[in-house]
Amino acid sequence: MSAKVEAPKGTRDVLPDEGALRARIVGAASSLFDAYGYGRIATPTFEQTELFVRGVGQSTDIVRKEMYTFDDLGGRSMTLRPEGTAPVVRAFVEHGMHKLPLPVKLWYTAPMFRYEAPQAGRLREHTQIGAEALGADDPLLDAELIALLGAIYDALGIPGVRLRIGSLGDGPSRAAYRAELVAYLNSRAADLPADARERAGENPMRLFDSRDPAVAAVMEGAPRILDRLGDDAAAHHRAVLGALDAVGIAYDEDATLVRGLDYYTKTVFEFTCDRLGAQSGIGGGGRYDGLVEELGGPPTPGVGFGTGIERIVLALTADGAPGPAPTARVYFAGIGPEARAELFPVMTRLRAAGVAATADTLGRSMKGMMKQAAASGAAACVILGERELAEGIATLRDMSTGEQRPVPLSELESVLAKEHV
RNA sequence: GUGAACGUAGCUCAGUCGGUAGAGCUCCUGGUUGUGGUCCAGGCGGUCGUGGGUUCGAGUCCCAUCGUUCACCCCA
């Protein structure tokens with residue numbers, strides 16, 4: 001054997017048991033997106049680097065130190081998609097979708113790439129399910145996206161989920177608040193550690209998220225954005241909360257909620273789950289009313305969310321691994337090459353008719369084939385050996401009861417199709 | 001990027017004072033001349049993460065490196 005090559009740091013293989021669970025997650029999301037009127041979109045895995053620099057923001061950790069950026073053979077700077085909103089907005093602008101009936105509502109599931117220090121629930125490649133609604137600033141649309149994401153978690157039965165919601169304001173009131181916060185932080189600079197002072201210059205609101213007791217003590221007395229919202233943003237915020245109340249969605253209003261992307265305005269929200277190890281966020285999003293214009297489109301409001309499939313899997317499997325998915329309804333046990341050859345066309349036609357079927361292909365012993373049949377989760381087993389071949393029949397075994405009955409070979413297909421579709 | 005703990009069979013782990021690597025589970029075969037989920041017996045499976053060093057001798061001690069996990073940071 002040659003030296004082993006392993007998956008790159010921070011990446012992982014999804015094996016079939018988890019694959020079945022992930023298919024269920026995407027399936028649940030997909031049918032809810034249908035119900036809410038969201039159409040599916042797919043964008044390239046890599047984009048021109050400039051898209052993320054302009055869209056996500058220079059001051060974000062993503063752009064400053066987490067992007068997989070490379071020059072292609074033509075000397076163009078490309079970046080593996082680190083987040084989903086900027087590419088969707090780029091496609092919206094590129095295809096003139098602002099001329100479609102608004103709002104344009106889109107969803108996607110796609111891998112994201114960030115150069116991070118991996119740990120449980122944090123990888124260098126992860127998969128998000130996301131949605132964006134573009135072209136309306138109605139607070140009901142914010143509430144709709146929150147309800148939609150909550151419905152996905154409910155449909156999957158994820159335990160321990162909570163919703164935090166806040167607002168970042170917009171326009172002059174947001175700038176005024178930022179100036180006030182910076183002034184406050186400067187007045188308390190002596191009480192802040194050096195790295196916190198540095199971060200204060202880039203994105204002062206981030207300090208609300210710090211777990212450092214010294215920082216937390218300073219932030220305790222800091223002005224809160226929710227007390228400084230302009231009239232428009234304040235009304236918007238109240239309307240979103242009212243809509244959530246009206247549909248019975250519980251939330252914690254949180255003036256310190258910060259998200260890591262520069263484009264958010266007004267509503268920001270985050271769903272947390274208590275079973276994610278060191279991480280707590282399972283999904284989040286918010287409104288981004290300036291992003292479309294920033295990326296060269298007409299002024300267009302937008303709101304969206306992203307949620308991590310790997311974190312959903314973590315939350316769902318915290319109490320134990322998901323059971324393996326059944327791999328077949330019918331198992332074909334042919335004794336000897338002739339019998340296996342006889343069964344092959346029957347099995348092929350049955351599969352075409354939609355019956356999941358599998359067969360021994362290793363020439364196992366009868367005992368071995370029965371074990372395989374049980375392990376495959378098959379409900380029935382077709383046994384064909386010399387005795388059956390001589391009589392033109394097959395033995396049909398019910399795997400749960402162990403009962404067996406003869407079925408003429410000519411009727412095998414129709415009997416199986418009737419009982420096992 | 002910084003700090004810490006941990007890397008032994010496909011999986012979960014044991015391995016004493018440094019003395020030439022083990023268990024359970026899984027898988028395969030047999031007990032049962034053609035019948036599964038129990039039982040019994042046997043078998044397959046290991047460059048002890050990797051590379052150096054110390055030593056007569058290293059899974060065990062030392063150094064480096066890679067990976068995982070945890071904390072910081074940040075996020076899905």
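Atoms considered below: every heavy atom in the structure, side chains included; atoms not considered: hydrogens, waters and symmetry mates. Residue numbers begin at 1 in each chain, while the letters A, B, ... track the order of the sequences.
Straight-line distance from the CD1 atom of Ile335(A) to the C1' atom of U35(B): 9 Å, rounded to whole Å.
Considering only heavy atoms from C-beta on, Glu144(A) comes within 4.5 Å of Tyr36(A) through its side chain.
Across G37(B) and G49(B), the matching C1' atoms stand 37 Å from one another, rounded to whole Å. If you take atom P in A76(B) and the same atom in G67(B), they sit 24 Å apart, rounded to whole Å.
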Could you encode protein contacts along nucleotides 65-72 of chain B as a string, one character per nucleotide from 5' to 3', using B for base contact, S for sugar-phosphate-only contact and - for no contact, with a heavy-atom cut-off of under 4.0 Å?
--SSSSSB
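Within residues 51-69 of chain A, the residues having any heavy atom under 4.0 Å from RNA chain B are, by residue number, Asp61(A), Glu66(A).
Remark: Arg228(A) pairs with Tyr177(A), Glu180(A), Pro223(A) by the side chain to side chain contact (heavy atoms under 4.5 Å, CB included) rule, at least two apart or across chains.
Out of G36(B), U35(B), A76(B), the shortest distance to the side chain of Met399(A) is found at G36(B). Each of G36(B), C28(B), C74(B) was ranked by its minimum atom distance to the side chain of Arg397(A); first place goes to G36(B). Side chain of Arg114(A), nearest nucleotide from A76(B), G34(B), C28(B): A76(B).
Side-chain contact annotation: Ser210(A) with Asp212(A), donor-acceptor N/O pair under 3.5 Å absent.
Listed pair Ser365(A) / G30(B) meets the phosphate criterion, a side-chain N or O lying under 4.0 Å from OP1 or OP2.
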